[in-house]
Amino acid sequence: MAETPNEFKLKNAPEDGISAVKFGTTNQFLLASSWDQTVRLYDVISNNLRIKYSHSEPVLDCCFYDAVHSYSGGLDCTLKMFDFNTSTEQNVGQHDDPIRCVEYCPEVNVIITGSWDSTVKLWDPRAPCAAGSFSQPDKVYTMSVCGDRLVVGTAGRRILVWDLRNMGYVQQRRESSLKYQTRCIRCFPNKQGYVLSSIEGRVAVEYLDPSPEVQKRKYAFKCHRIKENGVEKIYPVNAIAFHTHHNTFASGGSDGFVNIWDGFNKKRLCQFHRYPAGIASLAFSPDGAVLAIASSYMYENDEPIEPVEDVIYIRNVSDQETKPKS
């Protein structure tokens, strides 16, 4: 696939499945975690790999804490902090099973990990040390920070809304409105709700306000489905990323497509060209001008017929592609 004028590949991409891409507080730096057991820090503007550090097992998620520290976790069950200035790392703590999600909440200044051991743990980045462990109904598959709230998606299609300032009880317990396993949850930047995707080519737009009037506005729609020879193929929706200013969002599926949606007006704004492999992760830059797209084979159909390279594309997106149509 030839590069387009508004899109380029990052050099020194991970050598195995890319599990997450996340921007820092500027458009310049991007973190990527991978099944090749590494976390990489890229300078997107100069297209070079700045730093690479390793875990002893595949890494499933990572996040920035500030401009010079990252946190990451994965199959080694260990939360690791890395200091880019000094190139030093510290093992902050453990889960009993692999760490699936790592997020930072600036409002409460806490690092959050979600694990297949059915717990969410909070970590104080100033120490760095454990600040509490909270049981979830099942394995944590995905989670998203929404201001000072945390939305957790677990196995068994359960959704929990927590208040990070008071983790003594669950604010809301919900069941996914989608019939199949939850793949990704991301919260609206305006903090009114979240978008949830499933393995069965569907996305749901949900609202946090439990009042019946607001709940009437929730809906779900089909996407990432391709008709081939009269047969509809349905693909998992692996990734969701919100545009910080427009409250629109991108979805990425195992069909290799990225769509941009206006969730409030129930419209698809655009679809990019097909990427060589499934979309594993998506991240908008803080100003929304750039979208990082991780294309990786996700083993939905066992072994690939031929090897597909793992690539991170950096795409400049326009307002025309991301802004709601009035």
Side-chain angles (χ1 to χ4, degrees), residues 17-23 31-35 59-63 73-74 98-103 112-116 120 136 138-146 149-161 174-189 193-206 208 218-225 234-244 247-261 263 268 275 277-284 291-296 298-300 312:
I18 302 158
S19 53
V21 286
K22 303 221 179 138
F23 273 100
L31 273 181
S33 56
S34 166
W35 282 80
V59 190
L60 299 184
D61 205 1
C62 58
C63 72
I99 295 172
R100 178 63 190 88
C101 311
V102 184
E103 295 283 346
I112 310 154
T113 51
S115 164
W116 292 342
V120 162
Q136 308 298 311
D138 215 323
K139 287 181 180 175
V140 177
Y141 283 165
T142 179
M143 62 188 198
S144 182
V145 171
C146 189
R149 287 193 282 194
L150 176 71
V151 182
V152 179
T154 73
R157 300 174 37 254
R158 291 188 171 94
I159 314 292
L160 293 94
V161 182
R174 301 178 166 206
E175 188 174 274
S176 164
S177 51
L178 305 179
K179 288 205 292 280
Y180 294 88
Q181 188 189 77
T182 304
R183 197 34 86 80
C184 186
I185 289 174
R186 291 290 176 263
C187 293
F188 278 97
Y194 57 88
V195 169
L196 165 114
S197 72
S198 79
I199 57 168
E200 188 255 345
R202 275 177 200 269
V203 164
V205 175
E206 299 274 348
L208 287 169
K218 72 178 192 176
Y219 67 98
F221 59 92
K222 295 177 183 177
C223 52
H224 298 282
R225 294 160 181 239
I234 299 173
Y235 295 87
V237 185
N238 306 313
I240 295 164
F242 269 96
H243 190 286
T244 23
N247 274 298
T248 54
F249 63 92
S251 67
S254 293
D255 56 353
F257 281 107
V258 175
N259 295 317
I260 308 273
W261 306 92
R268 181 165 80 180
Y275 290 87
I279 308 302
S281 183
L282 293 167
F284 275 106
L291 180 64
I293 300 164
S295 169
S296 268
M298 312 260 303
Y299 291 89
E300 286 89 354
I312 299 170

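Fair warning: this is a prediction, and the values are worked out from it, not measured in the lab.
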*Under the 3.5 angstrom rule, does the side chain of S295 hit a backbone N or O of Y275 as a donor-acceptor pair?*
no

*Go through the steps for L196 and L178 under the test side chain to side chain contact (heavy atoms under 4.5 Å, CB included), then give the verdict.*
CA-CA 8 Å; L196 165 114; L178 305 179; 3.7 Å; yes

*What are the two closest non-hydrogen atoms of A277 and S296, and how far apart are they?*
CB-C, 3.6 Å

*Considering all heavy atoms, the nearest A250-V258 contact*: CB-CG1, 4.2 Å

_Would you say that W116 contacts L60 through its side chain, given a criterion of any heavy-atom pair below 4.5 Å between the two side chains?_
yes

*asked:* Closer than 3.5 angstrom, by distance alone: can the side chain of R186 be matched with the main-chain N or O of Y194 as a donor-acceptor pair?
replied: no

_Residues in salt bridge (Lys or Arg N to Asp or Glu O under 4.0 Å) contact with R100, at least two apart in sequence or another chain_ = none

*Identify, with sequence neighbours excluded, every residue that meets ring-ring contact (aromatic ring centres under 6.0 Å, His included) alongside F188.*
F242, F264

*Under the side chain to side chain contact (heavy atoms under 4.5 Å, CB included) rule, what do I18 and I312 come out as? Steps first, then yes or no, please.*
CA-CA 8 Å; I18 302 158; I312 299 170; 3.7 Å; yes

_Once rounded to the nearest 0.5 Å, what's the spacing between atom CG of N259 and atom CG of L282?_
10.0 Å

_G153 backbone acceptor or donor facing T182 side chain under 3.5 Å_ = no

*Run the side chain to side chain contact (heavy atoms under 4.5 Å, CB included) check on D255 and H224 step by step: do they pass?*
CA-CA 6 Å; D255 56 353; H224 298 282; 3.0 Å; yes

*How close do K22 and A283 get, heavy atom to heavy atom, and via which atoms?*
CA-CB, 4.1 Å

*Mind checking whether L208 and V161 have side chains closer than 4.5 Å, heavy atoms only?*
yes

*asked:* Keeping S198 on the side-chain end and Y180 on the backbone end, is there a donor-acceptor pair under 3.5 Å?
replied: no

*Write down the atom of A292, the atom of F23, and the distance for their closest heavy-atom approach.*
CB-CE1, 3.8 Å

*Might you work through the side chain to side chain contact (heavy atoms under 4.5 Å, CB included) test for C223 and V237, ending with a clear yes or no?*
CA-CA 8 Å; C223 52; V237 185; 4.0 Å; yes

_salt bridge (Lys or Arg N to Asp or Glu O under 4.0 Å) involving R268 - partner list, sequence neighbours excluded_ = none

*Do C62 and V102 have side-chain heavy atoms sitting under 4.5 Å apart?*
no

*State which residues pass salt bridge (Lys or Arg N to Asp or Glu O under 4.0 Å) with R158; sequence neighbours excluded, sorted by chain then number.*
none

*Can we say E200 and K222 salt-bridge, meaning some charged N sits less than 4.0 Å from an Asp/Glu carboxylate O?*
no

_Pairwise side-chain contact, N238 with C184, heavy-atom cut-off 4.5 Å (strictly under)_ = no

*Specify the closest pair of heavy atoms between V152 and M143, including all atoms of both residues, with the distance to one decimal.*
CA-CB, 4.1 Å

*Do the ring planes of H243 and F284 sit parallel (below 30°), tilted (30 to 60°) or perpendicular (above 60°)?*
perpendicular

*Would you say the side-chain atoms of S144 pair up with the backbone N or O of C187, donor to acceptor, closer than 3.5 Å?*
yes

*Quick one: list whatever passes salt bridge (Lys or Arg N to Asp or Glu O under 4.0 Å) with R174, sequence neighbours left out.*
E206

*Sidechain-backbone polar pair: T154 side chain, V140 backbone, donor-acceptor under 3.5 Å*: no

*How about I159 and I185: do any of their side-chain heavy atoms sit closer than 4.5 Å?*
yes

*Applying side chain to side chain donor-acceptor pair (under 3.5 Å), name anything that partners W261, two or more places apart in sequence or on another chain.*
S251

*May I ask you to test the D61-I99 pair for a side-chain heavy-atom distance under 4.5 Å?*
no

*Locate the shortest heavy-atom distance separating S34 from G17; write the atom from each residue and the value.*
OG-O, 3.1 Å

*asked:* Side chains of I112 and V145, heavy atoms from C-beta outward: is any pair under 4.5 Å?
replied: yes

